Amino acid sequence: MLEKSGKNTKSKMPELPEVHTITQDLKKNILDFEIKNIKIYPNYKIPSDVKKKLISLYGKKIQNVDRIAKNIVIEISKDLFLVFHLAMTGRILLRQEGDKTDSWVKIVFEIEKNGDKKYLKFCDMRQFGKIQVLNKKELELLENKYGISVLDSEITPDKFLEALKSKKTNIKNALLDQKIVSGLGNIYATDALFLANINPKTSTQNLNTNMTEKLLKSSREILNEGIKNRGSTLPDKMYVDIFGKGGNQQNYFKIYGKKVCPVCNSKVEFEKINGRGTYFCPTCQPDIAKDFSAKKSKVETNKISEQKKLL
DNA sequence: ATGTTTGTTCCGAT
DNA sequence: CATCGGAACAAACA
């Protein structure tokens with residue numbers, strides 16, 4: 001892990017399983033390779049200052065590969081970092097001479113070590129992804145943008161609750177806000193909420209420590225399982241690892257994409273929550289706010305009828 | 001033709 | 001001024 005200035009450096013904080021997989025594979029395969037050439041495809045819109053900064057990478061060797069939240073960070077020197085964010089449809093592929101061509105290629109880094117030549121390709125169909133060249137200070141600024149990581153062993157249910165409550169919205173939305181919790185995406189957040197028996201529409205203000213304890217545990221479980229299975233590849237085959245191979249976590253989804261709850265056989269509900277497709281089981285993930293207000297209105301109704309009696 | 005999509009940022013409304 | 005939520009970014013697929 002890149003060292004956070006003055007902070008605990010021993011805790012490894014893997015987050016999004018797909019990015020983690022790519023980062024680890026890159027680390028095993030491109031260290032000490034020299035950047036010989038960089039080809040930017042003409043159809044790729046890249047800010048001119050980034051284009052200029054890329055030139056400063058020529059002739060340098062790759063020192064390390066790491067990850068900050070969902071960013072892949074390639075360390076070129078102590079003060080020079082190449083940073084990728086894949087967003088929805090970005091890919092990093094590591095190819096050799098003669099390999100088949102790839103779709104949606106935007107930038108190719110030709111790298112070489114002891115005569116071994118490889119092609120590091122940045123591909124992006126929808127072009128929501130981002131490439132940056134940063135110095136150490138800018139990298140620290142990037143790192144500081146992110147909230148707590150659920151895989152950080154120092155995070156407690158209390159700290160988790162405090163972080164989530166700072167955003168007054170539903171729990172699903174808070175979990176996806178990287179400034180609050182970094183690393184969970186739509187699928188993993190959906191599955192983590194299911195495992196914790198929490199309705200995705202629950203207000204963060206209605207959470208308690210018992211719930212965040214469960215959610216912390218389920219989030220860690222989901223992310224660790226995703227990492228073990230090298231991420232998830234949906235039917236569109238958008239995510240693949242650096243060798244072009246899909247992950248396996250899609251075979252272990254808990255509730256995402258399901259029609260029937262695997263635990264209780266209830267019909268799974270699908271709803272757009274803050275614009276993101278969300279699956280949940282109405283039985284295993286009851287809406288506590290609804291129960292609460294139903295109870296409350298019942299109490300009020302009783303009160304009114306009592307008052308009427310008195311009159 | 002329309003609606004859908006693994007993420008993030010920006011801007012208007014409150 | 002802070003915070004929230006929806007639109008926008010752009011392309012392929014069903």
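Every value quoted in this text rests on a predicted model; they were computed, and no experiment measured them. Just so we're on the same page: letters track the sequence lines, and every chain starts at 1. Because only heavy atoms are used, hydrogens play no part in the values below, and waters and symmetry mates are left out as well, while side chains stay in.
Taking all atoms of both residues into account, the shortest heavy-atom contact from A/Thr202 to A/Asn206 is CG2-CB, 4.3 Å. When all heavy atoms are compared, the tightest approach of A/Leu164 to A/Ala174 is CD2-CB, 3.9 Å. For A/Val19 against A/Ala69, the heavy-atom pair with the smallest separation is CG1-O, 4.3 Å.
A close approach under 4.0 Å does occur between a side-chain nitrogen or oxygen of A/Gln178 and OP1 or OP2 of B/dT8. For B/dT8, one of the phosphate oxygens OP1 or OP2 lies less than 4.0 angstrom from a side-chain nitrogen or oxygen of A/His85.
Of the P atoms belonging to B/dT8 and C/dA12, the separation is 22 Å, rounded to the nearest Å. Distance noted for atom C1' between C/dC4 and B/dT6: 23 Å (whole Å). When the P atom is compared between C/dA7 and B/dG3, the two are found 13 Å apart, to the nearest whole Å. For the P atom pair drawn from B/dT4 and C/dG6, the interatomic distance equals 15 Å after rounding to whole Å.
Regarding A/Ile131, its CD1 atom lies at a distance of 17 Å from the C1' atom of B/dT8, rounded to whole Å. If you take CD of A/Gln127 and C1' of B/dT5, they are 16 Å apart, rounded to a whole angstrom. Distance CG (A/Asn186) to P (B/dT8): 11 Å, rounded to an integer number of Å. Per the geometry, CD1 belonging to A/Ile180 stands 17 Å off P belonging to B/dG7, to the nearest Å. In this structure, A/Lys254 places its NZ atom 18 Å from P of B/dT6, rounding to the nearest Å.
A 4.5 Å side-chain heavy-atom check between A/Asn43 and A/Lys106 finds at least one atom pair inside the cut-off.
With hydrogens and angles left out, the side-chain atoms of A/Tyr188 and A/Ser232 include a donor and acceptor closer than 3.5 Å. Between the side chains of A/Asn37 and A/Tyr119, no donor-acceptor pair of N or O atoms lies under 3.5 Å. For A/Asn199 and A/Gln285, the side-chain atoms include no donor-acceptor pair closer than 3.5 Å. For the residue pair A/Thr89/A/Asp124, the side-chain donor-acceptor check at 3.5 Å is satisfied.
Among the heavy atoms of the strands, none lies under 4.0 Å from A/Gly275. Counting any heavy atom pair closer than 4.0 Å across all strands shown, A/Phe270 reaches sugar-phosphate atoms only and no base atom.
Residues in residues 160-176 of chain A take part in these salt bridge (charged side-chain N to carboxylate O under 4.0 Å, His left out) pairs, two or more places apart or across chains: A/Lys167-A/Asp177. Within the structure, the salt bridge (charged side-chain N to carboxylate O under 4.0 Å, His left out) test picks out the following pairs touching residues 87-101 of chain A (sequence neighbours left out): A/Arg95-A/Asp102, A/Lys100-A/Asp102.
Contacts between residues 234-248 of chain A and DNA chain B, counted as heavy-atom distances below 4.0 Å, involve A/Leu234, A/Asp236, A/Met238.
Between A/Tyr252 atom OH and A/Glu225 atom CD the span is 8.0 Å, to the nearest 0.5 Å.
Aromatic ring centres of A/Phe122 and A/Phe84 lie closer together than 6.0 Å.
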How would DNA chain B look in dot-bracket form, 5' to 3', counting Watson-Crick and G-U wobble pairs with both distances under 3.5 Å and writing | for bases paired to another strand? .||||.||||||||
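A salt bridge links A/Glu110 with A/Lys117: the distance from a Lys NZ or Arg NE/NH1/NH2 to an Asp or Glu carboxylate oxygen falls below 4.0 Å. A salt bridge is absent between A/Lys201 and A/Asp287; no separation between the charged side-chain nitrogens and carboxylate oxygens falls under 4.0 Å.
Each of A/Arg126 and A/Asn173 has a nearest nucleotide on DNA chain C; the 5'-most of these lies closest to A/Asn173. Taking the nucleotide of DNA chain C with the nearest heavy atom to each of A/Lys45 and A/Thr169, the more 5' of the two is matched to A/Thr169.
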Could you list, one pair per line, each protein nitrogen or oxygen that sits under 3.5 Å from a nitrogen or oxygen of nucleotides 9-13 of chain B, together with the distance?
| from | atom 1 | to | atom 2 | distance (Å) |
| --- | --- | --- | --- | --- |
| B/dT9 | OP1 | A/Lys145 | NZ | 3.1 |

Mind running salt bridge (charged side-chain N to carboxylate O under 4.0 Å, His left out) on A/Glu75 and A/Lys27 for me, showing each step along the way? CA-CA 10 Å; A/Glu75 184 182 328; A/Lys27 202 168 184 165; over 6 Å; no
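Scanning DNA chain C 5' to 3' for nucleotides with an atom closer than 4.0 angstrom to a non-hydrogen atom of chain A gives a first and last hit of C/dC4 to C/dA12.
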